[in-house]
Structures are given as structure tokens and as C-alpha cells.
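These numbers were taken from a predicted model, which means no experiment stands behind them.
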Amino acid sequence: MILEILAPDGRKWEEQLESDSIVIGRSNSADVTIADRALSRQHARISRRAGAWFVEDLDSRNGTFLPSGPVRGQLEIKPGDRLSLGSSSLRLLVKKQPSEMGSELDFASGHTVFRSVDELISSGVIPAPDSGAMVAAADDAAVARLQILNQVHQALGRSVELGDLLELILQKVFDHLKPEEAVIFLREGEGFRRAAAHSSGGNPDGLASRHLFREVVDGRKAALILDARSDERFNQAQSLMLSGLRTILAAPLLDDDRALGMIVLGSTRGVRAYEESDMELLVSLASVAAMRIANVRLAEEAAERKRMEQELALGRRIQVALIPDSLPEIDGWEFHAENVACRGVSGDFYNMIRRDDGSFVVMIADVSGKGIAAALLTASLEALSAGPLDAGMPLDEICSRVSRLLHDRTPPEKYATAFFAEVEPDSGKVRFVNAGHNPGLLLRLGGQAEWLEASGVPLGLLPTAEYSVGEFFFDPRDTLLLYTDGLTEAADADGEEYGDVRLKSVALSNRLLPLDELASKIGEDLDAFVGEVPYGDDRTLVLIRKSAAPRP
């Protein structure tokens with residue numbers, strides 16, 4: 001059994017389930033570690049008992065979900081079942097053994113010829129793709145081959161996108177080697193994908209073979225299969241037999257030490273439709289093509305990086321625009337807030353709203369994801385919550401309403417954690433709701449500290465959700481500290497996170513300082529802890545304090 005894992009950044013991989021108990025989380029101590037800030041350090045466990053597999057949520061902050069709903073206790077899961085943990089997706093699969101994938105090809109039989117591409121290039125039988133002027137030819141056939149390569153060099157020299165380039169390569173292959181089928185396969189993870197195909201009426205899917213790909217691409221060899229039908233290993237391949245292909249010619253796409261994929265040709269003209277000279281020509285064409293493919297990929301990657309940088313910059317501008325330019329001035333109260341940007345856009349933001357009845361509401365939130373998507377979700381959250389907050393709607397009703405609207409308008413992996421605090425300035429009474437956010441920290445003047453834990457799930461995570469309201473009273477010189485996880489999850493060189501314990505310690509030690517100095521002490525301690533390790537997320541901090549007496 002294996003776990004297929006899709007992480008928030010789009011990476012996809014498989015984990016073999018070799019033991020009877022596997023813990024999944026974002027901690028390095030978990031059996032399966034996923035870089036997902038929405039996961040708890042040890043989020044869920046998958047275990048095997050009496051031949052069956054079960055999933056169990058380990059009291060995670062954001063829960064574990066099957067399509068049928070949240071996981072409570074131990075629930076049995078079967079192959080194909082999909083789990084949602086934070087922003088990650090997991091699926092239980094049965095890994096087929098090689099014996100179940102069909103017979104392997106007998107590459108040692110007399111029906112197949114292999115030539116090492118590296119040896120062909122080093123021996124001078126074919127020219128290196130970056131040799132400039134073609135090497136001198138020894139006979140008329142070699143001269144003709146070099147002329148073809150010069151034509152291909154010129155044809156591929158112009159600037160084109162990758163898809164157009166692959167089509168152009170196959171067209172040149174059709175012109176000079178005249179197959180019935182031609183396919184370019186490119187490496188994708190541990191496998192390959194069909195990136196381009198030309199056909200004169202057959203079935204190019206008949207040329208797909210993981211075994212041929214492994215031998216040609218990983219082995220850096222050209223292959224000439226002289227008669228597929230007379231080889232008992234090939235005549236077991238139904239797609240190949242239905243296609244009518246008899247002779248198969250393949251060459252790897254090699255860019256220095258990187259194997260990018262392969263070109264495969266198929267002919268129905270009978271046995272020995274191709275000779276070793278055709279193999280040498282295809283290897284030459286593949287060498288030229290690989291160099292062009294690598295160059296186009298580099299250009300496209302550079303363009304994609306530039307696009308991402310522009311997107312992050314735009315997302316950051318949207319995010320910053322939501323953060324208040326200044327905080328209200330209220331007699332008897334002090335405020336401090338800051339948002340320190342990381343390299344990208346995390347979706348942190350805060351707000352403070354003064355109501356007509358004299359009370360004020362503080363909100364801090366962190367949406368899932370990064371980039372434009374995070375910035376847009378942040379803007380949506382701010383817009384959905386601003387009206388109800390200003391109108392005086394109870395906090396629990398606001399959270400339920402906003403959560404439902406977000407869930408209806410966004411994909412399942414998009415949600416937001418948030419902390420709302422409603423303060424009556426005269427009495428110091430505070431009502432709060434923590435929607436899956438980091439716990440608020442209430443610092444008492446006498447040195448006590450209270451964590452204000454979550455009272456509901458993140459906003460937008462479920463179609464319906466209920467939230468409970470907590471209460472406490474500010475005494476003079478008490479301070480409420482609100483923050484996002486970019487602060488407590490900042491890690492040092494060993495991967496250890498700053499954590500709630502360190503934050504509480506430095507905050508208590510400096511609780512009597514002015515709020516701006518308290519924030520500076522926290523920042524200095526955090527910088528000293530992470531050292532030279534770059535921050536992976538934005539950090540947002542909001543401080544609220546009841547003064548000893550109203551200002552005169």
C-alpha cells in the first residue's frame with residue numbers, strides 16, 4: 001500500500017506504507033512530513049489492523065476530513081479513499097508489482113539492437129549537437145545525414161514555444177525517416193508523458209512503454225526493434241499489435257547529464273524497415289532537439305519566474321492596501337500593530353473598527369496559500385466581515401456567516417484563520433471568538449498569562465460551522481497579544497520552531513514596557529533565534545493595552 005500525497009505547493013509524491021502505524025504532520029519527527037502550515041506538528045495517524053487500514057485525527061488544530069465529513073475516532077479507509085489534511089490531499093492506493101504490469105521486453109533478444117548514445121557521439125559516428133560546423137563525412141550517406149542535420153539546425157533555430165518546437169521536430173522526423181507513427185515522450189516525475197505525436201492514421205499510444213522508456217532514457221541508449229511481432233515479449237502488447245507496427249526506432253533526448261525524454265518511431269512497412277544508419281540519424285536529430293528543448297524550457301522557466309515575481313508584487317500591494325494606515329485613538333487604551341513582509345504574500349492582515357456605540361473590534365486573520373490567490377481571498381474576507389462588524393452583529397454570528405460565504409465562493413483548500421475581539425472601553429469587558437487561529441495571549445500586570453484558545457474551525461473550511469464566544473475583563477496595564485503563525489513557526493537552522501513557549505516567555509518578561517518597545521523585544525528575540533535562516537512567512541503582531549488611567 002502507498003500514500004499518494006499532493007502538497008499545497010503542487011508537489012506530488014508517493015510514500016510506501018511499510019509499518020503498521022504512520023504519523024502524518026508538518027514536524028520533522030512525523031513519519032510522513034508535509035510542508036503545510038495548516039497541518040499540526042503531528043496531525044493524523046494511519047494504521048493497519050487485521051488487514052484493514054484506519055485513519056485517526058490526533059487532535060489537530062484544523063481537523064482531518066474524508067469526503068463524508070470530519071474524522072472522529074478511528075475510521076476505516078479503503079484504496080482510493082481521499083483524505084484532506086489542512087491544505088494537503090492524500091489518497092490510499094495499491095501499488096502494483098512489476099509482474100502485474102505485463103511482461104518486460106527482452107532487450108537481449110536478436111530482434112533488438114542497442115547502441116550507446118555517448119559512445120556514438122564520442123566516436124564521431126554522429127556529430128555532437130553543439131559542435132557548430134558539422135564534422136567531415138566519410139561517405140555519401142554521411143554527407144546526406146549531415147545535410148539533413150544542418151537543415152534541422154536552421155529550422156529549430158528560431159524562437160518558438162515548447163509545444164510548437166516539439167511539433168516542428170516531429171515534422172522533420174516524418175520528412176526524413178517517413179514513419180507511420182512518431183511520438184515524443186518527456187520525463188515527468190518518475191514517469192513520462194506524451195508531449196507530441198504525429199500519425200498517418202494509426203495509434204501512437206501503441207508506442208508507449210515504461211520498459212522502453214527506462215532502457216532508452218535511463219540507459220542513454222538508442223533502440224532499433226527489428227520485428228516486434230516475432231518477439232514473444234512484444235506480441236503480448238495489445239496496443240502495439242492493434243497498431244500494426246512492426247519496426248520501432250527510439251532515441252533518448254539528452255542534454256548533457258540530463259535525460260529529458262525520448263523520440264519513438266514506428267513503421268508498419270514490415271520487418272527491418274529501419275537500419276542502424278537510421279538509428280544514427282535519429283540519435284543526431286534527438287541530440288539537436290534536446291539542446292533546443294532545454295533552451296526553450298530555460299526561457300519558459302525564466303518567464304514563469306518573472307510572472308510569479310510580478311504576481312507576488314501585485315498580491316503584496318493588495319495585501320498592504322487592506323492594512324490600516326493608522327489605529328484609532330481611544331482614551332484609556334493603547335495600541336500597536338505591525339506586519340513584517342516575507343519574500344512572498346501570505347495573506348496576513350489586521351483591522352480595528354470603532355463602532356457607533358463606543359466599543360471597538362480588533363480582527364487579525366491569516367488566509368491559506370500565497371500569491372494573488374491569497375491576496376484576493378484576504379480582500380474577500382475583509383469585505384465580507386467589515387459590514388457586519390461595523391453594524392454591531394454578534395461575533396459568533398459574524399463568523400458563521402463569513403465562514404458559509406467563503407465556503408460557497410472558494411475551493412475546498414481555501415480558508416482563513418481569524419481572531420476577533422470586541423472591547424467595551426469603559427468596563428474593559430472583552431468578548432472574543434478564535435476561528436482556528438493561533439491562541440491569543442493575555443498578559444496580566446501581575447505576571448500571569450492566559451491563552452485564548454480556538455473556539456471554532458477556520459472560516460470557510462466547512463459549509464456550516466458554529467462558534468462559541470469567550471469573555472474576560474481587562475484590568476489596568478493588562479495587555480492582549482495577537483499574532484499570526486509566521487511568528488511562532490519561524491525556524492532556526494536545525495528546523496526547530498520559535499513556538500508559543502518562547503513567545504510567552506519574552507512577552508511576560510517585557511510586559512511592562514511601552515507597546516512599541518515590547519514589540520521590538522519580541523522581534524529581536526525572534527531574529528536571534530532564527531539566525532541566518534530566512535523567514536518563510538509574513539509576521540503580524542497586534543498589541544492592545546488598557547492604560548492605568550484615561551489620558552487627561
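- R193 has a carboxylate O that lies under 4.0 Å from a charged side-chain N of E188, or vice versa, which qualifies the two as a salt bridge.
- Under the salt bridge (charged side-chain N to carboxylate O under 4.0 Å, His left out) criterion, the residue pairs touching residues 21-35 are R26-E489, R26-E497, with sequence neighbours excluded.
- Both tests do not hold together for R48 against F54: distance to the six-membered ring centre under 6.0 Å, angle to the ring axis within 45°.
- Judged purely by atom type and a 3.5 angstrom limit, T484 uses its side chain to pair as donor or acceptor with the backbone of T540.
- Residue R401 places its CZ atom among 12 or fewer non-hydrogen atoms of other residues, nucleotides or ligands, all under 6.0 Å distant.
- Contacts classified as ring pair (Phe, Tyr, Trp, His ring centres under 6.0 Å) and involving residues 375-401 (residues at least two apart or in different chains) are not found.
- R45 and S21 form a side-chain donor-acceptor contact under 3.5 Å, judged by distance and modelled atom types alone.
- In this structure, R187 forms no cation-pi arrangement with F185, as its terminal cationic atom is not both closer than 6.0 Å to the ring centre and no more than 45° off the ring axis.
- A heavy-atom distance below 4.5 Å is found between the side chains of D366 and H437.
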field: Intermediate values then yes/no, side chain to side chain contact (heavy atoms under 4.5 Å, CB included), L441 and W451
entry: CA-CA 5 Å; L441 181 59; W451 290 109; 3.8 Å; yes

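- S359 places no side-chain N or O within 3.5 Å of a backbone atom of E424 that could act as its donor or acceptor partner.
- Between the D81 side chain and the L66 main chain, no donor and acceptor come within less than 3.5 Å of each other.
- In terms of modelled atom types and a separation under 3.5 Å, the side chain of T33 and the main chain of S27 share a donor-acceptor contact.
- Put simply, the side chain of S455 gets close to the backbone of S468: a donor and an acceptor are under 3.5 Å apart.
- Not a single donor-acceptor pair under 3.5 Å links the side chain of D492 to the backbone N or O of F529.
- Contacts of R477 classified as salt bridge (Lys or Arg N to Asp or Glu O under 4.0 Å), with partners at least two apart in sequence or in another chain: E334.
- For F420 and F432, the ring centers sit 6.0 Å or farther from each other.
- Of the possible polar contacts, one joining the S40 side chain to the R61 backbone as a donor-acceptor pair under 3.5 Å is found.
- Side-chain atoms of D36 come within 3.5 Å of backbone N or O of S88 as a donor-acceptor pair.
- The backbone N or O of D485 sits less than 3.5 Å from a side-chain atom of N438, completing a donor-acceptor pair.
- In this structure, V423 and L480 have side chains that are not in contact, with every pair of non-hydrogen atoms separated by 4.5 Å or more.
- More than 12 non-hydrogen atoms from other residues, nucleotides or ligands lie less than 6.0 angstrom from CG of D408.
- E466 is linked by a salt bridge (Lys or Arg N to Asp or Glu O under 4.0 Å) to nothing, counting only residues two or more places apart in sequence or in another chain.
- The pair E422-R355 counts as a salt bridge, with a side-chain nitrogen and a carboxylate oxygen less than 4.0 angstrom apart.
- By the 4.0 Å N-to-carboxylate-O rule, K546 lies too far from D478 to be salt-bridged with it.
- F360 is linked by a ring pair (Phe, Tyr, Trp, His ring centres under 6.0 Å) to W333, F335, counting only residues two or more places apart in sequence or in another chain.
- With a 4.5 Å cut-off on side-chain heavy atoms, Y415 and T410 do not count as touching.
- Remark: the backbone N or O of A38 is paired with a side-chain donor or acceptor of N62 at under 3.5 angstrom.
- Residue pairs satisfying the side chain to side chain donor-acceptor pair (under 3.5 Å) criterion with at least one member in residues 500-519, sequence neighbours excluded, are listed as follows: Y483-D500, E496-R502.
- Checking R82 against S89 by side-chain atom types alone, a donor-acceptor pair falls below 3.5 Å.
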